[in-house]
Engineer: 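Quick one: the structure is below, and I'll ask about it shortly.
Atoms within each ligand, like the ligands themselves, are counted from 1 in listed order. Below, each value reflects all heavy atoms present in this structure, side chains not excepted, and no hydrogens, waters or symmetry copies.
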Amino acid sequence: MPASLCGTWDIISNVNLDGYMIALGISPNLRKIALKLKQKKVIEQKGDHYIIKTTSTFRNYTISFRVGQDFEEFTKGLDNRHVKSLVTWEGNKLVCEQTGEKKNRGWAHWIEDDKLHLELYCDGEVCSQVFKKKVNE
Ligand code: ECB
């Protein structure tokens with residue numbers, strides 16, 4: 001079993017979020033706001049069912065899914081697109097493919113050295129984020 005992704009996680013590094021947002025067609029004003037945010041992840045899991053919340057002082061974004069079951073995702077407050085998403089385990093990585101207007105779009109989460117890693121990708125751009133577990137939760 002891969003290490004659990006569950007918990008509350010604070011971002012400690014964020015590389016190429018701007019490139020990812022440009023690939024998604026986000027406006028310069030919104031990108032400027034988004035780049036200043038300290039994102040958090042709150043991940044809950046029961047069996048194959050996951051809830052992933054991304055939170056910030058500006059906007060929050062939540063998805064809920066079962067591993068291996070595709071679902072309709074509306075990226076409300078992000079790029080506001082409709083995609084069909086499918087999350088599966090690839091080795092120790094929880095991988096999401098987001099099929100829609102944008103090519104090669106998705107993300108992958110995994111644990112490495114007790115940190116939560118996330119790659120967000122779209123159209124050849126990759127944003128790499130690392131989160132550390134919040135203590136005293
Ligand atoms: C929700 C906090 C960020 C709010 C930024 C607001 C506006 C910018 C518009 C689009 C930017 C695109 C993405 C921002 C980066 C991350 C947000 C969540 C990305 C995501 O899909 O996370 C997955 C994997 O953890 C679960 O939804």
Engineer: Starting from Tyr121, walk the hydrophobic network (Ile, Leu, Val, Met, Phe, Trp, Tyr; side-chain heavy atoms closer than 4.5 Å) and list everyone else you reach, by chain and number.
Structural biologist: Val95, Val126

Engineer: Running the 4.5 Å side-chain criterion over Ile, Leu, Val, Met, Phe, Trp and Tyr, what cluster does Val130 land in, apart from itself?
Structural biologist: Ile12

Engineer: Using links of under 4.5 Å between side-chain heavy atoms of ILVMFWY residues, direct or through other members, which residues join Val42 in one cluster?
Structural biologist: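 Joined to Val42, directly or through intermediates: none.
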
Engineer: Between the side chains of His49 and Ser64, does any donor sit under 3.5 Å from an acceptor?
Structural biologist: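 Side-chain D/A pair, His49 to Ser64: present.
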
Engineer: To the closest 0.5 Å, what do you measure between CD (Glu125) and CE (Met21)?
Structural biologist: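 Result: 11.5 Å between the selected atoms.
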
Engineer: Testing the basics here: between Gln45 and Cys6, what is the closest heavy-atom pair and its distance to 0.1 Å?
Structural biologist: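 Gln45 and Cys6 have their closest heavy atoms at CB-SG, 3.4 Å.
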
Engineer: Filter the ligand 1-protein atom pairs down to N or O on both sides and distance under 3.5 Å, then list them.
Structural biologist:
{"unit_1": "ligand 1", "atom_1": "22 (O)", "unit_2": "Lys41", "atom_2": "NZ", "d": "3.1"}
{"unit_1": "ligand 1", "atom_1": "25 (O)", "unit_2": "Lys41", "atom_2": "NZ", "d": "2.6"}
{"unit_1": "ligand 1", "atom_1": "25 (O)", "unit_2": "His109", "atom_2": "NE2", "d": "2.7"}

